[in-house]
Asks: 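Supplied in structure tokens, the structure appears directly below.
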Number of protein chains: 2
Amino acid sequence: MKVTIKDIATICGVSAGTVDRALNNRTGISEKTKKKILQVAKEMNYQPDYTARSLVMGKTMTIGVILFDLYNRSFAQLLNAIEVKARELGYFVNITLSDKKPESEIDCINYLKGKVDGVILFSVNKGEQFESYLSKFDIPIITIFNYVSEKWEYIGIRERQAMKDAIDYIVGKGYQKFIYISPPLAYIGKSNIYTQEERLNGFYEGLEKSGIQSEPLIIKNIEYIEELENITFSKNEKVAVVCSTDLYALKVMHYLKKQGVNIPEQVGVMGFDDIDILEYVTPRLTTVKYPIEEIGRRAIESIVNKIEHGDFVSTPLLDYEIIKGESI
Amino acid sequence: MKVTIKDIATICGVSAGTVDRALNNRTGISEKTKKKILQVAKEMNYQPDYTARSLVMGKTMTIGVILFDLYNRSFAQLLNAIEVKARELGYFVNITLSDKKPESEIDCINYLKGKVDGVILFSVNKGEQFESYLSKFDIPIITIFNYVSEKWEYIGIRERQAMKDAIDYIVGKGYQKFIYISPPLAYIGKSNIYTQEERLNGFYEGLEKSGIQSEPLIIKNIEYIEELENITFSKNEKVAVVCSTDLYALKVMHYLKKQGVNIPEQVGVMGFDDIDILEYVTPRLTTVKYPIEEIGRRAIESIVNKIEHGDFVSTPLLDYEIIKGESI
DNA sequence: GTGAAAGCGCTAACAT
DNA sequence: ATGTTAGCGCTTTCAC
């Protein structure tokens, strides 16, 4: 049967309060009794009941995480980092998935309500209505990647600057014509696609800075490969296809290879994310790498600090690195 | 502030017991009072306190999951399925990662002790000692993928038969020489690599059935690419490189392409898992697909049934499908 | 049909 | 230094 604090108290001939003092390193107990209690507890293989502790302390020792799904390759790394860091600080993690549906995200929040001490939110919602909803939610929330507003603590990377630098790099390679692929942009105004918008902004800024004249083609269609099918890539044009995510870039490369187009001579391809499977793909995709695990760890640290000491640990936007592959 | 059952009781002029009856559809309450209570609860936006409920019911409504990491591409699908199904049945999911270290897996089990009502275990441990350890763990456990012993409920796929069929298929394509790559086999006897062993068994059975004479080369070295570097693939030999996991196969293809080896004419490559990124890789890898999400769902269903009604729902080994690509 | 009371295992405030 | 008591929010038993 389950060993409780009471059992130990009875055996040691002390009260439950004293056992509590011993078990939790509190003051007001003699070394002698403490030692004895600790030993008995160990012998009996005592395991504290976290539920009871939560109830009396009003804390669940759990952090909720809301993501839209787990299919983005980098989320595995993110969750790994979150899980490890949380455990290190004595917290559990409860992951919920919104499946990219704004309504479903609200469900997740409701679901976590009362079950967790804080929430790490990669939001697909935004807007006033959503914010007023979030405001009623009385536990700490930290947003990651998709910015909601200045009211909410945020951790992210310098997406805009990263894409701007990437364009700079590409122009340096002699590319003059640009195609930009980012299907999520179709959801502009409908859901929170902050990171995607920032990347696009960086793209424009990069073009401007480099003085590129020709108008870029922006593809927001999820059937972006079909859009490419309408384009004939002439031998001496050097078109750069900039993709807002590695997955799009991989699909584009796959298509181009099938068409017998030379990469990077004829068409260059650029990705963003540096997902781990790039290691297995030829040619090596040129992309932007950012410290996703760092984001996870910092999010946990910050929210735990908020829970325990009242303040978030604010983090500057994290830096990135351009991975120079062979695709552009 | 938080609304409790007591608040509602006071407002409605009834006792807490009655509120409980109304909120939880219990018998012994008049329609009238029930309706009123429900309405007040809604108006006040009452949210039950799951911690308190857990304490009194002795159940946490949480299922623990132990995996070694999240980097295997298919685990995202597995967890997605688990998460969704668990929520559907009213349970939370608490994921812990053992990082492939047997000691760390024990930590995970200890960690989950008392925090969950049941555990889904993808074990890296095995052996008598481990089993006696598991036996002391007094909540239901269901093992997936890596079989521990007949004492533990298990859900998996027909790995052996799948690999056997795959070999049959490959032989049918005219391949006569075989290389088998499976680095986890180096841990034989040290950790639980049941699925990998089964695949290897299937490989041997397949060769035997097909009457292949030439001895296969079995590579158990994690530096398997380096091993391949020592091999010269002649133009007219048709060597089949069978990999126990898609990730190895991708790396092998990547290497062969760099070497200018023709796939599948000169060397054929076979994978196992059908991870989603295969979609982006040329040539399309031939591989084995199995219903990983089904495993997740069934594991949850079975363990919840055990928790609530005392019995697991036993599941036959699940079936697979050979995905005929262009790599072999 | 409803109320009162006990108690889940633990912590914290107040006595001694 | 230690014991006593109350109570976290809920469920459940037993009266009425």
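Sequence lines set the chain letters: A, B, ... in the order given, protein chains first and strands last, and positions in each chain run from 1. Every heavy atom of this structure was used, including side-chain atoms; hydrogens, water molecules and symmetry mates were not.
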Asks: I'd like the 5' and 3' limits of the part of DNA chain C contacted by chain B, with heavy-atom contacts below 4.0 Å.
Replies: dG1(C) to dG9(C)
Asks: For Tyr154(B), what residues pass the side chain to side chain contact (heavy atoms under 4.5 Å, CB included) criterion, not counting sequence neighbours?
Replies: Thr143(B), Tyr147(B), Tyr194(B), Leu317(B)
Asks: I'd like to know if Glu31(A) and Lys35(A) make a salt bridge, using a cut-off of under 4.0 Å between side-chain N and carboxylate O.
Replies: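 Not counted as a salt bridge, because no side-chain N and carboxylate O are separated by less than 4.0 Å.
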Asks: Any side-chain heavy-atom pair from Leu79(B) and Leu67(B) closer than 4.5 angstrom?
Replies: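 Of all side-chain heavy-atom pairs linking Leu67(B) with Leu79(B), at least one is under 4.5 Å.
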Asks: Please round to the nearest 0.5 Å and tell me the distance separating atom CD1 of Ile82(A) and atom CD1 of Ile120(A).
Replies: 4.5 Å
Asks: Tyr111(A) ring centre to Lys113(A) NZ or CZ under 6.0 Å, with the angle to the axis within 45°?
Replies: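 Output no; distance or angle outside limits.
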Asks: What is the bend of the helix from dG1(C)-dC16(D) to dT16(C)-dA1(D) when you compare the axis at one end with the axis at the other, using five pairs each and rounding to 10°?
Replies: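 Terminal axis comparison yields 50°.
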Asks: Quick one: does Thr51(B)'s side chain get under 4.5 Å of Leu55(B)'s, heavy atoms only?
Replies: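 With C-beta onward as the side chain, the pair stays apart.
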Asks: Pairs in or reaching into residues 17-43 of chain A: which pass ring pair (Phe, Tyr, Trp, His ring centres under 6.0 Å), with residues at least two apart or in two chains?
Replies: none
Asks: How would you label the contact of Ser54(A) with the nucleic acid (heavy atoms, under 4.0 Å): base, sugar-phosphate, or nothing?
Replies: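 Answer is nothing: Ser54(A) stays at 4.0 Å or more from every strand.
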Asks: Report yes if the side chains of Ile142(A) and Phe312(A) come closer than 4.5 Å at any heavy-atom pair, otherwise no.
Replies: yes
Asks: Not counting sequence neighbours, which residues clear salt bridge (charged side-chain N to carboxylate O under 4.0 Å, His left out) with Glu293(A)? List them please.
Replies: none
Asks: One character per nucleotide, please: for nucleotides 4-10 of chain D, 5' to 3', B when the base has a protein heavy atom closer than 4.0 Å, S when only the sugar-phosphate does, - otherwise.
Replies: B--BBBB
Asks: Hey, does Gly13(B) reach any base, or is it just sugar-phosphate, or nothing, if we go heavy atoms under 4.0 Å?
Replies: sugar-phosphate
Asks: Are Phe68(B) and Phe145(B), when compared by the centres of their aromatic rings, separated by less than 6.0 Å?
Replies: no
